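Let me begin by presenting the structure, written as structure tokens, before commenting on it.
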Amino acid sequence: MTSSDAAPESSEQATLDQLISAARVWARQDPDPATAAALDELADQAAEGIPAARQQLEDSFNGTLQFGTAGLRAALGPGPNRMNRVVVRRAAAGFAAFLNDAVTAAAPGTRPRVVVGYDARYNSDVFAAESAAVFTAAGIETFLMPSALPTPLLAYAVRALDCDGGVMVTASHNPPQDNGYKVYLGGRAVEESGRGAQIVTPYDARIAECIEAVGGLDTIALAGDGWSVLPESISDDYRAAVVALADPARFPARDLKIVLTPMHGVGGDTAVSVLKAAGFEDVTLVEEQALPDPDFPTVSFPNPEEPGALDLALAAAGRLDADIVLANDPDADRAAVAARDPESGAWRMLRGDEVGALLGAHVVARMAGTAGADDNSAPGVFANSIVSSRLLSRIAAAAGAAHEETLTGFKWISRVPGLVYGYEEALGYCVAPELVRDKDGISASLLIAELAAAAKAAGQTIFDTLDELYLLHGLHASDQLSIRVADLGLLDAMMNRLRSDPPEAFGGSAVEQSADLSEGSQQLPPTDGLLYLTRDQSRVIIRPSGTEPKLKCYLEVIVPVESAAELAEARAAARASLDRILADVREALGL
């Protein structure tokens, strides 16, 4: 063997030795004996030359889990690139330092207040308890939720308790092996419009800097006690506040047979109790998915949007001859809706844009005749993400209300000043921003039930209600194309291809306006994405996902409709147009 042959091998062995050494050091400091033992075993296997063990170590130790506007989210496991007790303690210590600095600057001599919640995923309760211990040791007045509860309840508590910060330990609808750390700001730590909302820039960078400045694990103090476990009445307060959103005086109908699934998550008890307290007595839980289970055994992916996720709920609805299916994701911040389509007779899940429009129109109807409508005051602001349908803007304009588009994500929607209703197409709806400044699948489910019962009492379905909106504002039809990649560099390559060779038409309609969203505007901060608007008002938006290795393409067409007799033809025309646009998008991306 020549010296040139030996050098790469020697270098590779040195890299492996460094990796194994880092794993041994981590195992010695890991406060979790289970992950420490597993890591030692993995290091032994890697030293023996087992490729799979080396790959796992590389995934866990080559890089550090980055804190951003979504907080933290990753697979559970040892190492700086995974969710574990070491990473969580450091995150909590950094967030505590940020809160102490922010509150001291705003109100010298006062203590920050923070509330911590958690769902039923693996280690959620452990991460929450250790966060409470870190916050308390840092001099922060700390409240811990009494049990595994929905994310909207934590967001409610941040505002209800006038806290400066909040942490929800959840990975929402991610796979079972994941967990996450979602951060909220409130009170004195943020401007008025962001109180009780998830963090945005520049707060994410400032918190990340504080986390980076945290010393070794042995420098992070843990209090043995001193935080307050909130009484169950916090759940009762949330339920009462949500139930009070119902308007039985103007929408008295309650004859609605509901099938509900919490998707093995923590929202079942709360959602059922809210619906029943509001008068919807005929609620059946999907038995196989009724109780929290971190393994999510009946679904391959615990997201109502995924194919097959609602199969058990739809089967139950068919057996019971139900009127509607309501589904929450595991932390209950999203809501999905399914009903029997009167044209086909088959059950189908409504798109997020369809539910968003229905709820928007229902909020307008609830506002009619209320205080403020007779004194010439503005009815408030409606908002949705830029990739959501344009139908809500037309509904708002017809009601004399303002409308705003925001970047994707409720951290932006919830910050719109004067917000009365906001949604995004990914099944997120905020129907009561004064209670929860975030998406809330439980309060949304209540208002969906209210509007569906009103339609049934009038001899209609929610599809008829949608058709009425289309007759007023045009048939808005949308679709999506998601392209998953193994190499993140491919996302940049596809976006660069579009920028260097922009498409001239979609679906046979010439592109009349285009915008590179990375340049920002007076309305929107910069974000990586491209928007195209064609002569016939078709719209295409293409952007990399912020949370997954995907390129996401959002399509919408608008077909004018003059009468109910034209609806079937308009639907067919819209579908054909969307199919043509999809083909053009694929061609533009070189697929």
Side-chain angles (χ1 to χ4, degrees), residues 69 200-201 352-353 356-357 381-397 402-413 415-417 422-426 428 473-474 476-483 488 490-548 550-559 574 577-578 580-591:
T69 56
V200 295
T201 301
D353 282 326
V381 181
F382 289 67
N384 55 258
S385 61
I386 190 172
V387 298
S388 300
S389 173
R390 291 163 286 178
L391 181 52
L392 183 65
S393 66
R394 298 189 177 192
I395 293 170
H403 174 267
E404 288 193 23
E405 283 186 335
T406 75
L407 295 184
T408 303
F410 254 87
K411 56 186 175 285
W412 300 107
I413 296 170
R415 280 179 158 74
V416 170
Y423 93 94
E424 63 180 358
E425 45 72 42
H473 308 294
H476 290 58
S478 57
D479 204 348
Q480 283 190 33
L481 173 65
S482 291
I483 303 159
L488 290 177
L490 293 175
L491 297 180
D492 290 335
M494 286 188 281
M495 294 299 290
N496 290 336
R497 176 189 177 104
L498 291 171
R499 288 186 169 104
S500 62
D501 186 18
E504 296 180 355
F506 287 105
S509 182
V511 173
E512 288 196 331
Q513 297 179 43
S514 63
D516 189 335
L517 302 178
S518 67
E519 297 174 359
S521 67
Q522 288 185 334
Q523 291 76 34
L524 295 173
T527 186
D528 191 8
L530 297 165
L531 182 152
Y532 306 94
L533 192 64
T534 71
R535 185 171 298 157
D536 67 1
Q537 295 301 297
S538 296
R539 188 187 69 182
V540 176
I541 298 176
I542 302 175
R543 71 176 187 93
S545 170
T547 56
E548 299 177 274
K550 285 182 178 180
L551 190 74
K552 305 192 77 172
C553 311
Y554 304 84
L555 288 57
E556 183 178 44
V557 299
I558 303 174
V559 180
S577 182
L578 286 169
R580 290 193 300 270
I581 295 172
L582 279 169
D584 288 344
V585 169
R586 289 181 181 276
E587 182 178 352
L589 292 170
L591 301 177

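Start at 1 with the first residue, then count along the sequence. The model shown is predicted, which means the values in this text are computed figures rather than measured ones.
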If you measure from the Lys or Arg side-chain nitrogens to the Asp or Glu carboxylate oxygens, is any gap between R499 and D528 under 4.0 Å?
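Yes, R499 and D528 are salt-bridged.
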Rounded distance (nearest 0.5 Å) linking atom [atom1] of [X] with atom [atom2] of [Y]:
X	Y	atom1	atom2	value
C553	L530	SG	CG	10.0 Å
D479	D353	CG	CG	10.5 Å
E556	I541	CD	CD1	9.0 Å
M494	L551	CE	CG	4.5 Å
I558	Q537	CD1	CD	6.0 Å
S545	I483	OG	CD1	12.0 Å

Can S389 and Y554 be said to form a side chain to side chain contact (heavy atoms under 4.5 Å, CB included), step by step?
CA-CA 9 Å; S389 173; Y554 304 84; over 6 Å; no
On a heavy-atom basis, which atom in [X] and which in [Y] lie closest, and how many Å separate them?
X	Y	result
Y532	S514	CD2-CB, 3.9 Å
K552	S482	CE-OG, 3.8 Å
V511	P503	CG2-O, 3.8 Å
L392	G356	CD1-O, 4.4 Å
G507	D584	N-OD2, 2.6 Å
I395	A357	CD1-O, 3.7 Å

Pairwise side-chain contact, L407 with P525, heavy-atom cut-off 4.5 Å (strictly under)
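A side-chain contact under 4.5 Å exists here.
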Check: S509/D536 side-chain N/O donor and acceptor closer than 3.5 Å
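Result is yes, a qualifying pair exists.
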Does either side chain, that of Q480 or that of E425, offer a donor lying less than 3.5 Å from an acceptor on the other one?
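Present: a donor and an acceptor within the cut-off.
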Using the test salt bridge (charged side-chain N to carboxylate O under 4.0 Å, His left out), find all partners of E504 that sit at least two apart in sequence or belong to another chain.
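Here no residue qualifies.
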Take I386 and T406 through the test side chain to side chain contact (heavy atoms under 4.5 Å, CB included) and record every step on the way to the result.
CA-CA 6 Å; I386 190 172; T406 75; over 6 Å; no
Under the side chain to side chain contact (heavy atoms under 4.5 Å, CB included) rule, collect the residues that match up with R497, sequence neighbours excluded.
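None.
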Residue list, side chain to side chain contact (heavy atoms under 4.5 Å, CB included) with V200, at least two apart or on another chain
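Per chain and number, V200 pairs via side chain to side chain contact (heavy atoms under 4.5 Å, CB included) with Y203, K411, W412, R415.
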Working for salt bridge (charged side-chain N to carboxylate O under 4.0 Å, His left out), residues E587 and R580:
CA-CA 11 Å; E587 182 178 352; R580 290 193 300 270; over 6 Å; no
Just by distance, do the side chain of R394 and the backbone of H473 share a donor-acceptor pair under 3.5 Å?
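Confirmed, R394 side chain pairs with H473 backbone.
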For the side chain of S500 and the backbone of N496, is there at least one donor-acceptor N/O pair under 3.5 Å apart?
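Indeed, once roles are kept as given, a pair shorter than 3.5 Å links the two residues.
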Check the surroundings of atom CZ in R586: do more than 12 heavy atoms from other residues, nucleotides or ligands lie under 6.0 Å from it?
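Incorrect, the count does not exceed 12.
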Derivation of the side chain to side chain contact (heavy atoms under 4.5 Å, CB included) call for M495 and D492:
CA-CA 5 Å; M495 294 299 290; D492 290 335; 5.7 Å; no
Test side chain to side chain contact (heavy atoms under 4.5 Å, CB included) on N384 and I413; report intermediate values, then the result.
CA-CA 6 Å; N384 55 258; I413 296 170; 5.6 Å; no
